Student: 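Following this message is one structure expressed as structure tokens.
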Amino acid sequence: MNRSVLAVIQALQQFRCLVVKDLLAELRLRRVWPCMLLLGLLLVLLIEMQIDLPDVAKYQVLSGFFWLIVFFAGTFALERSFASEREEGCWRTLQLYPLPPSVLFLAKVTVNVLALALLECCLIPAFVVFSNIPLLAHPFCLVGIASLANLGCAVVGVLVSALTASVPHKGNLLALLLFPLITPLLVGAAALTQQMLLEEFTEEWWRWLQVLGLFVVLFFTVGILVFEFILED
Amino acid sequence: MRLVPRSLSFVVHLCVTAILVAALALALGMLFLYAPTEATMGDVQRILYLHVSVAWCGLAASVAMGGYGLLYLVRRQLSYDHWAQATGEVSWLCVTLTLITGSFWAHEAWGVWWTWEPRLMSSFVLWLLYAGIFLTRGGIDDVHQRARTGSILAILAVVDIPLIVMATRWFRGVHPVAPRMDDRMHLTLLVAALSFTAFFACCIYQRRRQLELTERLADLSARLDPF
């Protein structure tokens, strides 16, 4: 078999092992995802309690809050992506393993995309029930927006998490760096959701979708290129 | 032996300072005396010459910061990190000035201090991001780890810039992209932009020199007292 094909197969196997390792660890220990889901639900409840607006105004406000809650609760999973590896002594083993940095990056992004998707699966019904907004009226549009938003947040989150995990006395540096970076993503996802709720699929809707797509492509490319430098100790 | 280069350096610095002061004085003179008063906004429009100049310097310094960050990652020389930090700090200062001057201009032009406009939002995001980068850098003691982390964050910040530049064109916000101007206005803007670019370039150079000297001093202190 061709050497490059073998390398791709090996990379895919490594990728699968890393994703399964993180998912199994989370399923067995349940340390991050339950906290993330509970925080998300708590934020939904607290925000819903404060809002009593007519439909159009409610769509405008809640579409922004929805993504803010998703990304904020998602920082739980993102923050633990590399911190848990370092705390449990897995980091050195990972560094010794002959693994291309891009495979590790892709595996971490995949796990975090899954975490954010799970969070959205819980928060969307909660939003629909509590605030009576038709989030599921256009399910394919919502899946499209959520896919781009999750991917963008996970890509930037993994990069920043890997950077801040090695910083001593890091405090809340992840949120401090992550939120300015993902602001275009947050605003874009909120605008898309708002227009989807109002059923206004105009040219502007497609432009915001392009912004989200460009954001994902730019940061994904940069992530693949710089991740090798982030892993140095 | 040392007196000659020192005195030469002093003369060079004096000349550069004199040229910079003259250039800034010329720019300010043209801004207030030569450029015609704008018909609708009046004298407040003169903020535009400052605003555009500092915005340009901030943008150029941001790109330079990313460039030096990339150079550090490739060559691993701390001098590139000093350049990156100096350009980053000056860029942050310029973005701060852009936001302040832009806010004054917006208050007169649109009647509000702040408006939900993609370019304004992106500039503020960049400002926050630089603040975050400096805080992160400040928390790391090891010089090479600090340089590496700062370089990667600088590259990520530079990736944000195309969104800033393209934002107004995509969304046709209320921010003027290229308003029609009189020839004298164009000339004033050009002189102001060049003067401020030279001034901030000098600031970057001096800050880089200060960082290098601080590093050398720390190195000497460590050699004299290793424990």
Side-chain angles (χ1 to χ4, degrees), chain A residues 60 64 152 155-160 162-188 190-191 202-233, chain B residues 62 66 69-76 81 92 95 116-142 144-173:
Chain A
Q60 286 175 342
V155 164
V156 181
V158 165
L159 289 174
V160 178
L163 268 176
T164 53
S166 59
V167 177
H169 324 296
K170 56 182 179 289
N172 290 320
L173 278 179
L174 175 75
L176 197 67
L177 290 167
L178 177 68
F179 280 97
L181 279 169
I182 62 163
T183 304
L185 191 78
L186 179 67
V187 174
T202 56
E203 199 185 334
E204 201 187 335
W205 196 84
W206 291 104
R207 279 187 189 160
W208 278 117
L209 205 64
Q210 284 169 13
V211 174
L212 255 63
L214 183 72
F215 183 93
V216 170
V217 170
L218 275 175
F219 278 97
F220 191 80
T221 312
V222 172
I224 292 278
L225 293 174
V226 301
F227 199 68
E228 186 182 345
F229 299 108
I230 296 177
L231 295 183
E232 287 175 18
D233 261 340
Chain B
S62 308
L70 193 65
L71 276 172
Y72 172 79
L73 288 180
V74 174
R75 300 209 173 155
R76 303 302 166 117
D81 181 55
W92 188 75
V95 174
W116 191 241
E117 203 270 338
R119 193 182 284 192
L120 285 179
M121 185 195 78
S122 304
S123 300
F124 193 48
V125 168
L126 206 62
W127 186 88
L128 286 169
L129 194 56
Y130 281 129
I133 292 174
F134 296 136
L135 279 173
T136 310
R137 285 184 65 106
I140 305 171
D141 295 328
D142 180 70
H144 281 284
Q145 193 192 350
R146 186 169 61 213
R148 187 167 50 85
T149 307
S151 300
I152 294 164
L153 287 172
I155 292 167
L156 293 180
V158 167
V159 172
D160 210 26
I161 290 176
L163 295 171
I164 296 170
V165 176
M166 296 303 290
T168 39
R169 290 171 196 199
W170 284 333
F171 301 107
R172 297 177 205 153

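A quick note: this is a predicted structure, and the numbers were derived from the prediction, not measured. Numbered from 1 within each chain, the chains take letters A, B, ... in sequence-line order.
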Student: May I ask you to name which of B/Asp142, B/Val125, B/Leu70 has the most heavy-atom pairs under 4.5 Å with chain A?
Tutor: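 The candidate making the most pairs under 4.5 Å is B/Val125.
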Student: For A/Phe229 versus B/Arg76, what's the shortest heavy-atom pair and its separation?
Tutor: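 For A/Phe229 and B/Arg76, the tightest heavy-atom pair comes out as CD2-NH2, 3.1 Å.
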Student: Counting heavy-atom pairs closer than 4.5 Å to chain B, which one of A/Val222, A/Leu181, A/Val160 comes out on top?
Tutor: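 It is A/Leu181.
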Student: Between atom CG of B/Leu129 and atom OG1 of A/Thr183, what is the distance when rounded to the nearest 0.5 Å?
Tutor: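 Here the rounded value is 9.0 Å.
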Student: Below 4.5 Å from any heavy atom of chain B, which atoms of A/Leu225 appear? Answer side chain, backbone, both or neither.
Tutor: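 Interface part for A/Leu225: neither.
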Student: Chain A: which of B/Ile140, B/Ile152, B/Leu128, B/Thr149 shares the most heavy-atom pairs with it under 4.5 Å?
Tutor: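 Ranked by contacts with chain A, first place is B/Ile152.
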Student: For B/Ile155, is it the side chain, the backbone, both or neither that has a heavy atom under 4.5 Å from a heavy atom of chain A?
Tutor: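 Contact with chain A: side chain only.
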Student: So which of A/Thr221, A/Leu163, A/Val226, A/Leu176 has the biggest tally of heavy-atom pairs under 4.5 Å with chain B?
Tutor: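 Sorted descending by pairs with chain B, the first entry is A/Leu163.
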Student: Given that the side chain runs from C-beta out, which part of A/Val156 has a heavy atom under 4.5 Å from chain B: side chain, backbone, both or neither?
Tutor: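 Looking at A/Val156, nothing touches chain B.
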Student: Search all heavy atoms of B/Val159 against all heavy atoms of A/Leu218 and return the closest pair with its distance.
Tutor: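 That closest heavy-atom pairing would be CG1-CB, 3.7 Å.
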